[in-house]
Amino acid sequence: IIPAFNLYPNPSSGIVGIKFDKYVNGKYQIQIINAEGQAVANQIINITGGSYQQKNVLSKGMYWIRLTDLESNVSHVSQLIIK
């Protein structure tokens, strides 16, 4: 099960963070996909407890952030706008 998360700030000026709503543990893959469907970032993170993970600095545009639980292979996608 994918934990609820928020992208912060959204819209952003370039620096993006992921804040998890609950305390979670596990290994997750984060993919950042641009409007052309290209993966611009792909990273595996380990989460222990509630956390805030700061991610890439992105250029202006629209992106989708896909968070995948590597144990269950379940994904959740959120839209992100960079001003």
Side-chain angles (χ1 to χ4, degrees):
I1 295 174
I2 294 292
F5 69 94
N6 292 304
L7 301 173
Y8 182 81
N10 189 11
S12 171
S13 60
I15 297 174
V16 179
I18 299 174
K19 172 129 177 57
F20 294 92
D21 293 345
K22 296 181 181 178
Y23 289 100
V24 296
N25 293 310
K27 188 180 263 190
Y28 297 88
Q29 177 181 27
I30 296 175
Q31 291 178 300
I32 302 174
I33 302 161
N34 66 16
E36 289 78 37
Q38 301 165 323
V40 296
N42 192 357
Q43 182 179 9
I44 304 292
I45 60 170
N46 286 309
I47 301 171
T48 55
S51 65
Y52 176 84
Q53 300 277 328
Q54 185 172 314
K55 294 295 132 201
N56 300 46
V57 176
L58 301 168
S59 57
K60 291 182 181 181
M62 187 179 307
Y63 297 88
W64 286 267
I65 309 298
R66 176 184 293 143
L67 181 68
T68 304
D69 181 330
L70 294 178
E71 185 175 317
S72 67
N73 208 32
V74 174
S75 295
H76 178 76
V77 177
S78 288
Q79 186 179 48
L80 172 67
I81 297 172
I82 305 295
K83 293 182 182 182

In Å, rounded to the nearest 0.5 Å, how long is the span from CG of Leu67 to CD1 of Ile45?
6.5 Å
Rounded to the nearest 0.5 Å, what separates atom CD1 in Ile18 from atom CG in Leu80?
9.0 Å
If hydrophobic clusters are built by linking Ile, Leu, Val, Met, Phe, Trp and Tyr wherever their side-chain heavy atoms come under 4.5 Å apart, do Val74 and Trp64 end up in the same one?
no
Minimal non-hydrogen separation, Ser12 against Pro9, with atom names:
CB-O, 3.2 Å
Just how far is it from atom OG of Ser72 to atom OH of Tyr28, taken to the nearest 0.5 Å?
7.5 Å
Can you measure from CD (Gln31) to CD1 (Ile44) and round to the nearest 0.5 angstrom?
8.5 Å
Flag yes if more than 12 heavy atoms outside Glu71 fall under 6.0 Å of its CD atom; otherwise flag no.
no
From Ile32 CD1 over to Arg66 CZ, what is the distance, rounded to the nearest 0.5 angstrom?
12.0 Å
With rounding to the nearest 0.5 angstrom, report the OH to CD distance, Tyr63 to Gln38.
10.5 Å
Suppose we screen for side-chain contact (heavy atoms from CB on, under 4.5 Å). Which residues come up paired with Ser13, at least two apart in sequence or across chains?
none
Consider only side-chain heavy atoms of I, L, V, M, F, W and Y, link residues closer than 4.5 Å, and tell whether Val40 and Ile65 are in one cluster.
yes
Please confirm whether the backbone N or O of Ile81 pairs with a side-chain atom of Asn10, one donor and one acceptor, at under 3.5 Å?
yes
Atom of Gln79, atom of Leu7 and distance for their closest heavy-atom approach:
O-CD1, 3.7 Å
